[in-house]
Each structure stands twice: as C-alpha cells, then as structure tokens.
Enquirer: 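Have a look at this one before I ask anything.
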2 protein chains.
Amino acid sequence: MSHTLGIRQAQKQKTRQALLDAALGLLEEQSLSSLGLREVTRAVGVAPTAFYRHFRSTADLGVALVEEALGSLHPMIRTTVSTTGDREERVVRTIDLIARHVDGYPAHVRFIARERHGGVQPVREAIRGQLTRFAQEVKDELAKDPVSEGWSEDDLLMLAHLYVDQMLSTASLFLEALEGPEEERPARTREVAQLATRQMRLIGLGRHHWLD
Amino acid sequence: MSHTLGIRQAQKQKTRQALLDAALGLLEEQSLSSLGLREVTRAVGVAPTAFYRHFRSTADLGVALVEEALGSLHPMIRTTVSTTGDREERVVRTIDLIARHVDGYPAHVRFIARERHGGVQPVREAIRGQLTRFAQEVKDELAKDPVSEGWSEDDLLMLAHLYVDQMLSTASLFLEALEGPEEERPARTREVAQLATRQMRLIGLGRHHWLD
DNA sequence: AATTCCAGAGAACAGTTGTTAACTGCATGG
DNA sequence: CCATGCAGTTAACAACTGTTCTCTGGAATT
C-alpha cells in the first residue's frame, strides 16, 4: 500500500520532522504563543522562509504537534482500559503505563498539558477534539464491562471524562517528578504513583456503588 | 489599623492595578510567556519604562496576578467545603459556587488554568503553592467530618487533591461554556453543571466506601 | 535529453521588542 | 518653606520579529 516516496518528498518530510522536533524542544521553556518561526528555523539550521513550505504559521505547526503527540495514542488507551485481570491489578497497570509513556515522551506530555488551556485557539480545539475521542473510546470499553450494566450512556461518558482527566493530571505529576532534582526523582515518582493509584481506586469504588 | 496612604502611594497603586488589569485583559488571547511589557504599558497609556517602577519583568507581574486570582479565595474554599446540609445539597451548592465565581472573575480563572502548566516557571510554582494550600485547607475541613473517621492523613490529602483538581477542571469547563456562542450558553452551562455534579457525587460515593 | 517543478536560500522591509540613561514635576518630610 | 524622593517621561540603542519577492539547484516528468 505505502508507496516509497522519491528523494524529494523524503527530504521534505525530513525537514518537516526536524522543524517539529526543534519546536518541541524549544517549547520546554515557553508556550506556543511565544514561539517564533525564526527561532524554530534557526534551531534546525534552515532559512526562515523554508518554514512556509511546511506550515502556514506556528499555530499550524502546533496543530501538527497535537496530532503527533496524541494521534498515535488511541490503540494504547483502548488496550489499557480493556485489559483483563484483578481490579486492583488493572489500576496498577494503568498507572504504570502512564509512567512509562511520560518517561518515553516527556516533551509530548508537557506540550499537551501546557497547550490544552494555552493561548492558541486552534491548538486548544485540536487537543479538545482528541481528548473527546479518548473519552468516547474509554466509554465504549467501559460499556463492555459487566459492572456497567444498567448505566445510562450519559453516566458512562461522565465517568470516561473523569478517567481521561485523571490520566492527564497523573501524567503531568509524573512529568514534574521527572523534571525535579535528580536525587528526589525515584521517591517523588513513587509518591505520585501511590497518590494516583489511590485516587483511581477511590473513583473505582464510586463506580461500583453508583447504582445503589 | 489600615493607614490611609498619601496621594503618592495611592497613585502608584492605581497604576499598578491598571497594569495588572490590562495584562489580565491581554492574556485572554495569549499566554504570559508571549506577553510583552510594552504591550501592557501601551494598553494602560503610560511609558514603557514606568513598568519597572512596579515589576521587574512580566514574569514578576504574573506572580502578582496569581496572588490576586487565588489569594483571596481561601476563605471561600473553607466555607464551601464545611457548609452543613444534605450530602447531595452540598455538592449542588459547591458546583453553583464555582459557576458563580467563574461568572464573576472569568479572566482570573482563565489565567490560572492557562498558566498552571504554562511556560513561565515562577508563575507555575506560585500557582502550585496556592493549590497546595487549598488542598491542605480542604483536608482540614474533611478531617472534621465524621465520615473521615479512621482515615489516614495521607488518604485525606489524596482526596483533597482530587477535589481541588476536580474544582479547577469544572471551573475551566464553565469558562468554555461562557466563551462559546451566546445562544448555546445556558444549555452548555447546565450540561457542565450536571456533569460536574455527577462526577462529584461519584467521588463522594467512593469516599463513603473507602474503608470497606 | 530537455523541460518543468519546487524545497530551500538570500536579501530586504517595516515594526516590534527589552533595557539604558538622563530628565521633570510634584508630593512628602524636615 | 525648602530640599529630598520617586513615579512617570523622553529618547535612543541594538536586536529581533513575520512576511514579501526573487533566485537557484537538483529531482521529477516527458
């Protein structure tokens, strides 16, 4: 299916990716709304005008970054929620998976957390769209669980949103631990994991008694 | 107690407040990290250099805004959590109070939501400090409730953080409803209130069965 | 082999930025 | 009443920004 693209297209995609990577790096210490196009091209080592061959503006680049950061996450979410096993075990595995993801893609996580409520409207909307999709998918998985018998669609979606928010908040806490002083890192990471685990457990308890 | 300050100090505080207000306005469509000092002074109608009489930098101004947005909120939080009455009634009253606050100070709410994970470290830390204080205060109020008998300090704090996060997330949703198209506003506001109410209710359920 | 296409370079533009220095005028305290 | 303090002004600076137009070299097409 996938056609091997020519030297030309390949080189273009390479610089495009370089721009995205450079931007993600620069966004560690600032917000998208203050990211300059010249700043990005300088970091890559291309002329400022080359930027326009790939993006209309930095806002446009931001939307592309949302796709990169969240687009490939859907299968992971689905499998996470639907993994079998003990209730407690599932919670622990989910938290662990979040921790692993933050470890593997810290810049992506920071970008999403930062720009979700950031100053660039199209990016905010792109993130909101992806998170809504996540909530829908989580809802679909929750619906399969026998615990969800008798639940209304609205209530399932309500719970799904709560889970999605909780996951994001947890990811952000893991990131803070990762960025803090190195010697405190293991301890802080454990603390965050424990906090998140108990919060998820409490939400799970609420879920089981919802229909009382 | 409060000494009536001279004409001089009064005028100074007046421009200082004007700078804060102008900044808050400008931050509706951008992040703090892209807010320029000249931009702020221009909006107020003073010379750029006058800025330095009040703040070292825009980051410094940001920290002052955190104080303004969250500093006066502590008594409200305390009384909210500790209000008596039916369990369901308390939830509804809390959500209503959040909605009222967002209505009264939308720019403050947006600022906090935006800069909590924003690109300016000192501001992030100032917000984190205030939210930690909130969590502590919520914990203290929760501890007084007979439902909390047998709870460990850690678990109380865990729940308090969950409540604080939930409040912030709800405030942000109310804000989105407020900023959306005018004709959808009442409906969206009702939907958000209903969603938030059920999420709080579910967390409350988890709380009641925590020690099972 | 000749032609078209197009990613990236280069130069120039008007405007913007933060920061400095020296100033002015007025409220303040002696 | 007079000298001091200090909020705010004015002017100038080097550095930076996004965007335009023109150009070039080499891959792609014929």
Side-chain angles (χ1 to χ4, degrees), chain A residues 2-23 25-65 115 118-123, chain B residues 2-65 118-123:
Chain A
S2 71
H3 180 251
T4 310
L5 14 71
I7 298 179
R8 208 158 172 156
Q9 299 268 339
Q11 189 48 248
K12 179 170 185 182
Q13 289 218 359
K14 207 172 156 187
T15 33
R16 186 190 135 100
Q17 191 57 46
L19 289 169
L20 288 170
D21 292 348
L26 291 165
L27 286 174
E28 288 188 18
E29 20 196 63
Q30 63 181 314
S31 309
L32 184 66
S33 85
S34 65
L35 183 72
L37 120 199
R38 291 184 101 106
E39 206 178 340
V40 179
T41 55
R42 194 186 311 132
V44 174
V46 301
T49 48
F51 187 91
Y52 292 107
R53 298 282 178 199
H54 304 276
F55 308 102
R56 244 186 276 279
S57 62
T58 51
D60 200 25
L61 178 146
V63 173
L65 275 179
E115 301 304 330
V120 184
Q121 205 219 22
V123 173
Chain B
S2 71
H3 180 251
T4 311
L5 15 71
I7 298 178
R8 205 158 175 149
Q9 299 267 341
Q11 189 46 248
K12 180 171 183 180
Q13 288 220 359
K14 206 172 157 187
T15 38
R16 186 190 135 100
Q17 192 56 48
L19 288 169
L20 287 170
D21 292 349
L24 207 54
L26 291 165
L27 286 172
E28 287 188 19
E29 19 196 64
Q30 63 180 314
S31 310
L32 184 65
S33 84
S34 65
L35 183 70
L37 121 203
R38 292 184 101 107
E39 206 179 341
V40 179
T41 55
R42 195 186 312 132
V44 174
V46 302
T49 47
F51 187 91
Y52 292 107
R53 299 283 177 199
H54 303 277
F55 308 102
R56 243 186 277 278
S57 61
T58 50
D60 199 26
L61 177 145
V63 173
L65 275 180
V120 184
Q121 204 219 23
V123 173

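Just so we're clear, the structure is a prediction, and the values are computed from it rather than from any experiment.
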Enquirer: Remember a base hit wins even if backbone is also touched, and classify A:Ala50 as base, sugar-phosphate or nothing at under 4.0 Å, heavy atoms.
Expert: sugar-phosphate
Enquirer: Distance from B:Ser34 atom OG to B:Leu27 atom CG, nearest 0.5 Å?
Expert: 7.5 Å
Enquirer: Say you draw a straight line from CZ of A:Phe51 to CZ of A:Arg38; how long is it, rounded to the nearest 0.5 Å?
Expert: 12.5 Å
Enquirer: Do A:Phe55 and A:Val63 come within less than 4.5 Å of each other through their side chains, counting heavy atoms only?
Expert: no
Enquirer: Without decimals, in angstroms, what is the distance between A:Phe55 CZ and D:dT19 C1'?
Expert: 18 Å
Enquirer: For the pair made of NZ in A:Lys14 and P in D:dA27, what is the distance, rounded to whole Å?
Expert: 14 Å
Enquirer: Please work out if A:Arg42 contacts a base, only the sugar-phosphate, or nothing of the nucleic acid, heavy-atom cut-off 4.0 Å.
Expert: sugar-phosphate
Enquirer: Expressed as a whole number of angstroms, how long is the span from B:Gln17:CD to D:dA7:P?
Expert: 17 Å
Enquirer: Give A:Ser57 one of three labels, base, sugar-phosphate or nothing, depending on what nucleic acid heavy atoms sit under 4.0 Å from its own.
Expert: nothing
Enquirer: Please determine, for the side chain of A:Thr49, which listed nucleotide (C:dA27, C:dG10, C:dT20) has the closest atom?
Expert: C:dG10
Enquirer: Just the rounded figure in Å: distance from P of C:dT16 to CG of B:Leu26.
Expert: 15 Å
Enquirer: Indicate the atoms forming the closest heavy-atom contact of A:Leu32 with A:Val123, along with that distance.
Expert: CD2-CG2, 3.4 Å
Enquirer: Taking atom P of C:dT19 as reference, at what distance in whole Å does atom CG of B:Asp60 sit?
Expert: 12 Å
Enquirer: Counting only heavy atoms not in A:Gln9 (residues, nucleotides, ligands), do more than 12 fall under 6.0 Å from its CD?
Expert: no
Enquirer: Per the atom types in the model, does the base of C:dT19 pair as donor or acceptor with the side chain of B:Arg38 at under 3.5 Å?
Expert: yes
Enquirer: Any donor-acceptor pair under 3.5 Å linking the side chain of A:Ser33 with the backbone of B:Ser31?
Expert: yes
Enquirer: Only Watson-Crick and G-U wobble pairs with both distances less than 3.5 Å should count. Give DNA chain D in dot-bracket notation, marking inter-strand partners with |.
Expert: ||||||||||||.||||||||||||||.||
Enquirer: Would you mind telling me which residue lines up with the more 5' stretch of DNA chain D, B:Gln9 or B:Pro48, judged by nearest nucleotide?
Expert: B:Gln9
Enquirer: Whole Å only: how far is the OH atom of B:Tyr52 from the P atom of C:dA21?
Expert: 12 Å
Enquirer: Given C:dA7, D:dT10, D:dT17, which nucleotide is nearest the side-chain atoms of A:Glu39?
Expert: D:dT17
Enquirer: Side-chain donor or acceptor of A:Arg53 under 3.5 Å from a matching atom on the base of C:dC6?
Expert: no
Enquirer: When the nearest nucleotide of DNA chain D is assigned to B:Arg8 and to B:Gln11 on a heavy-atom basis, which residue is associated with the more 5' position?
Expert: B:Arg8
Enquirer: Between A:Ala47 and A:Thr41, which heavy-atom pair has the shortest distance, and what is it?
Expert: O-CG2, 3.8 Å
Enquirer: Within this structure, what is the CD1-to-P distance between A:Ile7 and C:dC6, rounded to whole angstrom?
Expert: 17 Å
Enquirer: Side-chain contact, heavy-atom cut-off 4.5 Å: B:Lys12 with B:His54?
Expert: yes
Enquirer: Find the distance B:Leu37:CG to D:dT9:P and express it as a whole number of Å.
Expert: 13 Å
Enquirer: Is the distance from OP1 or OP2 of C:dG8 to the nearest side-chain N or O of A:Thr15 less than 4.0 Å?
Expert: yes
